[in-house]
Amino acid sequence: MSEQAPQAEPHKDIKPIMDWDSQEAMSHEVIWWSRLDKRYQVEVRRDAENEYRGRLYIFDHADDDRLLHDEEVPVAYGALFGPDMDDIVSWQEKTVAFLDEDQPV
């Protein structure tokens, strides 16, 4: 029987792109971001290969910006001039659902 190599912690090196104290609305790579409950930072980043796709990241700022969750999300119109309001609502709902379900109080 062969031993399995230890698996690396997925995404452990991924950190927020936007600075917690920034007032910037977005960057080239970040379509939308927000802070929630003075603790969590949420970013939606562009997919370099498909402009109609992005990745939602949820970080715990109180725990050294540890990545809690990430998932693929749709991006309407490629967000050329900023995110679509329906996308923002969807991303907010996904974030709240994840935090309400998976995080201890």
Linked, directly or transitively: [X] and [Y] (ILVMFWY side chains, under 4.5 Å):
X: Val89; Y: Tyr57; value: no
X: Ile88; Y: Val44; value: yes
X: Ile31; Y: Val73; value: yes
X: Tyr52; Y: Phe81; value: no

Between [Y] and [X], is there a side-chain heavy-atom distance shorter than 4.5 Å?
X: Tyr40; Y: Thr95; result: no
X: Asp64; Y: Lys15; result: yes
X: Ile58; Y: Lys94; result: no
X: Trp32; Y: Asp84; result: no
X: Glu72; Y: Asn50; result: no

Look at the aromatic rings of His61 and Trp20 and report parallel, tilted or perpendicular, splitting at 30° and 60°.
parallel
Distance in Å, Leu67 CG paired with Glu43 CD, rounded so as to fall on 0.5 Å steps:
10.0 Å
State whether the side chain of [X] and the backbone N or O of [Y] hold a donor-acceptor pair below 3.5 Å, judged by distance alone.
X: Asp65; Y: Pro16; result: no
X: Trp33; Y: Glu24; result: yes
X: Arg46; Y: Ala79; result: yes
X: Gln41; Y: Met18; result: yes
X: Glu29; Y: Ile17; result: no

For Phe98 and Leu56, what are the C-alpha separation, side-chain angles and deciding distance, and is it a side-chain contact (heavy atoms from CB on, under 4.5 Å)?
CA-CA 11 Å; Phe98 172 78; Leu56 172 84; over 6 Å; no
Shortest non-hydrogen separation from Gly54 to Val75 and the atoms involved
N-CG2, 3.5 Å
Under 4.0 Å between a side-chain nitrogen and a carboxylate oxygen: does that hold for Asp70 and Arg55?
yes
